[in-house]
There are 2 protein chains.
Amino acid sequence: MESKIFRDFLIQRGLKLTKERMAVLNQIFSIHGHFEPEHLYLNIRNSEIKASRASVYRTLNLLVESGLVERISRSDKGNVYEHTYGHSHHDHMICTTCGVVIEFFSESLEELQKMICTEYHFAGTTHTLEIRGKCRTCQKRKK
Amino acid sequence: MESKIFRDFLIQRGLKLTKERMAVLNQIFSIHGHFEPEHLYLNIRNSEIKASRASVYRTLNLLVESGLVERISRSDKGNVYEHTYGHSHHDHMICTTCGVVIEFFSESLEELQKMICTEYHFAGTTHTLEIRGKCRTCQKRKK
DNA sequence: AGCGTATTTGCAACTTAATCTCAATTTCAG
DNA sequence: CTGAAATTGAGATTAAGTTGCAAATACGCT
Ligand SMILES: [Mn+2]
Ligand SMILES: [Mn+2]
Ligand SMILES: [Zn+2]
Ligand SMILES: [Zn+2]
């Protein structure tokens with residue numbers, strides 16, 4: 001479970017398990033899908049146990065370091081995150097018309113990337129692939 | 001040539017060809033590789049024909065719309081761009097240790113992405129793939 | 001359970017990228 | 001040339017995210 005992982009991560013780094021950090025963790029894992037820090041902060045302001053903006057951002061960085069959360073991209077505004085625990089690796093297609101996000105995963109794509117890395121003697125650990133274009137719905141709804 | 005393309009783009013949009021816009025264009029096409037807007041602005045401050053920060057940012061957006069320049073990513077600081085004219089499509093590997101950027105292109109990767117798009121009924125137009133990890137040099141220089 | 005200390009919190013001030021406002025200037029079609 | 005429409009630059013503004021610091025808190029130790 002994610003709170004166990006986070007607790008272990010904190011202990012291992014000599015950090016403390018505070019209610020604010022737990023509030024951020026719980027809020028994130030109650031969100032389905034992608035989120036922006038500011039939105040996360042607003043949710044927390046309205047929840048049972050609150051945390052300041054500073055703590056939200058600080059905790060978010062810790063969660064990324066722990067591997068429980070990943071930074072997906074930067075929108076025109078700020079960062080976009082998603083939790084990765086219980087949510088295996090995938091890439092994204094983003095419709096430039098309606099903004100819908102399609103998550104996909106392709107084993108052959110992953111394999112091919114590994115081969116390319118080998119070719120360049122590069123030890124790849126993570127990647128982000130974002131394909132932009134038009135989703136099915138927006139294609140139909142064209143002039 | 002890029003200035004011809006930009007001129008046509010401006011005319012077609014009813015915009016004017018100014019010396020400031022040309023200064024930005026020329027500066028960008030005299031840069032080899034990736035660049036950040038602030039750095040671009042500083043270069044222009046020291047060049048023959050100058051342009052204000054506002055104009056630099058405004059022109060940069062126009063250049064992206066014209067297709068001559070692409071936004072590669074957002075670093076922890078601001079955006080990173082590169083010119084695409086005379087510089088065919090490619091993706092990036094970024095060393096998380098030394099920051100070196102390896103540009104690569106794989107036809108099979110492009111093909112595979114097209115196939116995946118078809119599978120999802122998605123009309124992909126552009127994509128960004130960034131692989132992060134350790135470059136050859138930084139792998140050797142490990143503990 | 002209580003203590004002592006290192007860590008964390010919240011607030012507000014700060015930083016930095018990028019955009020906006022608007023009066024003055026420039027472009028360019030006619 | 002001329003005049004309308006677009007553009008410019010300077011500085012104000014916005015917004016994301018970080019930071020300094022005094023007060024509060026977690027938690028290992030007894
Ligand atoms: Mn996702
Ligand atoms: Mn490149
Ligand atoms: Zn769509
Ligand atoms: Zn390296």
Side-chain angles (χ1 to χ4, degrees), chain A residues 3 6-28 34-66 69-81, chain B residues 3 6-28 34-66 69-81:
Chain A
S3 51
F6 192 38
R7 181 208 311 275
D8 290 349
F9 168 81
L10 292 175
I11 289 171
Q12 183 233 321
R13 294 257 294 239
L15 303 177
K16 290 172 180 175
L17 183 63
T18 65
K19 55 182 167 29
E20 289 84 0
R21 282 174 179 163
M22 281 303 129
V24 174
L25 181 73
N26 291 333
Q27 189 56 236
I28 288 176
H34 300 180
F35 65 91
E36 295 168 23
E38 207 61 20
H39 188 244
L40 175 62
Y41 167 60
L42 292 177
N43 281 354
I44 287 173
R45 294 227 72 173
N46 301 327
S47 75
E48 184 63 20
I49 295 157
K50 305 179 196 315
S52 69
R53 176 177 278 109
S55 288
V56 169
Y57 277 98
R58 287 188 281 228
T59 305
L60 202 40
N61 288 335
L62 287 175
L63 285 165
V64 170
E65 287 176 46
S66 79
V69 169
E70 244 177 52
R71 195 176 75 185
I72 300 300
S73 69
R74 293 190 86 145
S75 68
D76 274 335
K77 329 198 83 205
N79 288 319
V80 177
Y81 295 84
Chain B
S3 52
F6 191 39
R7 180 206 312 274
D8 290 349
F9 168 81
L10 292 174
I11 290 171
Q12 183 232 322
R13 293 257 293 240
L15 303 177
K16 290 171 179 175
L17 185 61
T18 65
K19 55 182 168 27
E20 290 83 0
R21 282 174 178 163
M22 281 303 131
V24 173
L25 181 73
N26 292 333
Q27 189 56 237
I28 287 176
H34 301 178
F35 65 90
E36 295 168 23
E38 206 61 20
H39 187 243
L40 175 62
Y41 167 61
L42 292 177
N43 282 354
I44 287 174
R45 293 226 72 170
N46 301 328
S47 74
E48 185 62 20
I49 295 157
K50 303 179 196 317
S52 68
R53 177 176 278 111
S55 287
V56 169
Y57 277 97
R58 286 188 283 229
T59 304
L60 201 40
N61 288 334
L62 287 174
L63 286 165
V64 170
E65 287 176 47
S66 78
V69 169
E70 245 177 50
R71 193 177 77 184
I72 299 300
S73 69
R74 292 190 88 145
S75 68
D76 274 333
K77 327 198 83 202
N79 289 318
V80 177
Y81 296 84

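Everything numeric in this text was worked out from a predicted model, so none of it was measured. Throughout, a chain's letter reflects where its sequence line sits, starting with A, and its residues are numbered from 1. Only this structure's heavy atoms are used, side chains among them; waters, hydrogens and symmetry mates stay out.
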* Structure fact -> To the nearest 10 degrees, the angle between the two end axes of the helix from C:dA1-D:dT30 to C:dG30-D:dC1 (five pairs per end) comes to 40°

* Working to the nearest 0.5 Å, report the span between CG of B:L63 and CD1 of B:I28. => 5.0 Å

To the nearest Å, how far apart are [X] [atom1] and [N] [atom2]?
X	N	atom1	atom2	answer
B:L60	C:dA17	CG	P	14 Å
A:L62	D:dT18	CG	P	11 Å
A:Y41	D:dG17	OH	P	14 Å
A:M22	D:dT25	CE	C1'	15 Å
A:L42	D:dG17	CG	C1'	15 Å
A:L63	D:dG17	CG	P	15 Å
A:R13	C:dT8	CZ	C1'	15 Å
A:I49	C:dT8	CD1	P	18 Å

Can you see which heavy atom on [X] is nearest to which on [Y], and at what distance?
X	Y	value
B:K50	B:E20	O-CG, 3.8 Å
B:I44	B:A23	CD1-O, 4.3 Å
A:S3	A:L25	CA-CD2, 3.5 Å
B:M22	B:F6	CE-CD2, 3.7 Å
B:Y57	B:E38	OH-OE1, 2.9 Å

* Is B:R21 reaching over with its side chain to a backbone N or O of B:K16, donor-acceptor style, under 3.5 angstrom? -> yes

* Asked: Looking only at side-chain N and O atoms, does B:S52 come under 4.0 Å of OP1 or OP2 in D:dT8?
  -> no

* side-chain N/O B:N79 vs C:dA18 OP1/OP2, d < 4.0 Å -> yes

* Pick out which of B:V80, B:N79, B:L60, B:N61 makes a side-chain contact (heavy atoms from CB on, under 4.5 Å) with B:R71. => B:N79

* Excluding sequence neighbours, so at least two apart, what forms ring-ring contact (aromatic ring centres under 6.0 Å, His included) with B:H39? -> none

* Going 5' to 3' through nucleotides 19-30 of chain C, assign each nucleotide B (protein heavy atom under 4.0 Å from a base atom), S (under 4.0 Å only from sugar-phosphate atoms) or - (no protein heavy atom that close). => BBB-----BS--

